[in-house]
Amino acid sequence: MRRGVIGSDVGRALEIVRNGGLVGLPTETVYGLAADASQKTAIAKIFSVKGRPNNHPLIVHVSSLDVARTWSSQWTYSAEILGSTYWPGPLSVIVQKSSIVLDEVTGGHQTVAVRVPGHELALELLQQFKGGLAAPSANKFGKVSPTTAQHVLDDLGDDVDYILDGGPCRVGVESTIVDCSLEVPVVLRPGGITAEAIESIVALDNVDSGISRAPGMLLAHYAPLCEVVLVENMQQAQGSLGDANSKYRILDASIDPTSFASAMYSLLRQCDLDGIQKLFVVLPEPIGIGLAIRDRLTKAAHGSKNQSR
Ligand code: AMP
Ligand code: MG
C-alpha cells in the first residue's frame, strides 16, 4: 500500500530524491516539483509529469551561496552581491554554467539559474542532500501554480512520490529572475524581491520592463479555467460586467498587493472550484510586488482567453 503522500518527513524526501524520484518541495514562492539535478532520468520525469517542453530551463535550488558558486564557471560580482544580500529568498540568478550542470537542466543553454529558497523545510532537505534540486512549479505546464501541499496533490496525484508539507507559501509568486551573466544585469521576471530592492545594490538594465524575456517564458501561463479580465479600478470592473449572464467574481489586488500575492493562486483555483466563468481583477500599481502580480495575471488572462472552456 502507498504510504501517505503528504507529510513532513525530510528523511523520506531525501531518500526519494537520492533514488531519482520526485518530491513536492515547499518554498516561500510556490511549491516546486523537485528532483536531483545531477540525474538525467530524474530530470526527464519532471518534464514528463508537468508536460513541460524540454527546452524550458529549470531553476537549481541549493542550500547556500557557497554551494551556488560551484554551479557556475563564472560567478559574477552581481551574482555575489545579490546572493549574499537576498538569500535565502525569492531570487534566482542566471550565471554561466559549470561543467557539472546537465544540458537537460538548462535546456541546452550555457547558463544556469540558481537560488537558495527561503523556507526552513526546503533548506533542511537541501542541507542534508548537499547537491542541487531542479524544481519548477509543481503543476501541469501552463496552469495555476500550487501554494499548498494539497494543490500539488490535486494537480499531480500519484505522479509525485512524496509532498513535503511546509504550509501555505509566504510570498505566493515565483522568484525574481535576474540575468547576472551579463555585464549589466537584467530582471527577466519580476517576483518577490522587487526591482527597486535589486537596484538599490546593483545597477540594472531595463529595470522597468516587467516583461519576461527569459527562454521558456510565454505570453500565456498560470491560467485558470475561468476567463480573467484585468481592470485598473473598481468602476471599470462594474462597467465591464455587461449583462452579467455568466457567473462572475471581482477581486481587488490594489488594496494590499503583498497579501494578494500570497493568496493569488489559491484565489484563482477557488474560482474554478466555485464554477466562476468570468473573474475581474483590479490590478495593483506597477511597483514593488505589484509588478509580479501584473506579470502573472496578464499571462493568466492570455491563457484563459486561449483555452477551450
Ligand atoms: P519556473 O518556470 O518558475 O520553473 O522558472 C524557470 C524559468 O527560469 C524558465 O522558464 C526560464 O524562463 C528561466 N530560466 C531558467 N534557467 C535559465 C537560463 N539558463 N537562462 C535563462 N533563463 C532561465
Ligand atoms: Mg511554473
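Atom set for the values below is all heavy atoms of this structure, side chains included, hydrogens, waters and symmetry mates excluded. Whatever order the structure lists ligands and atoms in, that order sets their numbers, starting from 1.
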**Q** Please check: side-chain N/O of Lys140 versus main-chain N/O of Val49, any donor-acceptor pairing under 3.5 Å?
**A**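 Confirmed, Lys140 side chain pairs with Val49 backbone.
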**Q** Please identify which of these residues, Arg269, Gln150, Lys143, meets the side-chain hydrogen bond (donor to acceptor under 3.5 Å, both in side chains) condition with Asp155.
**A** Arg269
**Q** Number the atoms of ligand 1 from 1 as they appear, then name those within less than 4.0 Å of a heavy atom of Ile59, with their elements.
**A**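 Those atoms are 5 (O), 6 (C).
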**Q** Does atom CD of Gln127 have more than 12 heavy-atom neighbours, drawn from other residues, nucleotides or ligands, at distances under 6.0 Å?
**A**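 Yes, enclosed.
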**Q** Do the side-chain N and O atoms of Asp274 and Gln270 include a donor-acceptor pair separated by under 3.5 angstrom?
**A**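 Distance-only check passes for Asp274 and Gln270.
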**Q** Could Arg294 and Glu232 be called an ion pair, given the rule that one side-chain N must be under 4.0 Å from one carboxylate O?
**A** yes
**Q** Any atom of ligand 1 sitting under 4.0 Å from a heavy atom of Arg115?
**A** no
**Q** Glu285: what forms a side-chain hydrogen bond (donor to acceptor under 3.5 Å, both in side chains) with it, not counting sequence neighbours?
**A** none
**Q** Where does Gln110 meet ligand 1, judged by heavy-atom distances below 4.0 Å: at the side chain, the backbone, both, or neither?
**A**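 Within the 4.0 Å criterion, Gln110 makes no contact with ligand 1.
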**Q** What is the number of protein N, O or S atoms that sit under 2.8 Å away from the Mg ion (ligand 2)?
**A**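 For the Mg ion (ligand 2), protein nitrogen, oxygen or sulfur atoms under 2.8 Å: 1.
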**Q** Between Gly32, Pro57, Ala135, which one has a non-hydrogen atom sitting closest to atom 6 (C) of ligand 1?
**A**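 Shortest heavy-atom distance from atom 6 (C) of ligand 1: Pro57.
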**Q** Between the side chains of Thr29 and Ser175, does any donor sit under 3.5 Å from an acceptor?
**A**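 Checked: Thr29/Ser175 side chains show no N/O donor-acceptor pair below 3.5 Å.
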**Q** Counting heavy atoms only, name the option from Ile177, Asp179, Leu58 that's nearest to atom 7 (C) of ligand 1.
**A** Ile177
**Q** Between atom CG of Leu297 and atom CG of Asp295, what is the distance when rounded to the nearest 0.5 Å?
**A** 9.0 Å
**Q** If you count the atoms of ligand 1 from 1 in the order shown, which ones are under 4.0 Å from a heavy atom of Pro136?
**A**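 Answer, ordered by atom number: 4 (O).
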**Q** I'd like the name of whichever of Lys50, Arg52, His109 reaches closest to atom 10 (O) of ligand 1 through any heavy atom.
**A** Arg52
**Q** Among all residues two or more places apart in sequence or in another chain, which pass the side-chain hydrogen bond (donor to acceptor under 3.5 Å, both in side chains) test with Arg170?
**A** none
**Q** Mark up the atoms of ligand 1 that fall under 4.0 Å of a heavy atom belonging to Thr111, in ascending order.
**A**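 Near Thr111, the atoms of ligand 1 are 18 (C), 19 (N), 20 (N).
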**Q** Regarding Asn139 and Ser137, do their side chains bring together a donor and an acceptor under 3.5 Å, going by distance alone?
**A**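 Yes, because at least one side-chain N or O of Asn139 sits under 3.5 Å from a partner of the opposite role on Ser137.
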**Q** For Val112, which part has a heavy atom under 4.0 Å from ligand 1: side chain, backbone, both, or neither?
**A** backbone
**Q** Among Arg189, His221, Glu174, which residue places a heavy atom closest to atom 1 (P) of ligand 1?
**A**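 Comparing heavy atoms across Arg189, His221, Glu174, the nearest one to atom 1 (P) of ligand 1 lies in Arg189.
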**Q** Could you work out, with side-chain hydrogen bond (donor to acceptor under 3.5 Å, both in side chains) as the rule, every residue matching Asn233, not counting sequence neighbours?
**A**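 Expected list: none.
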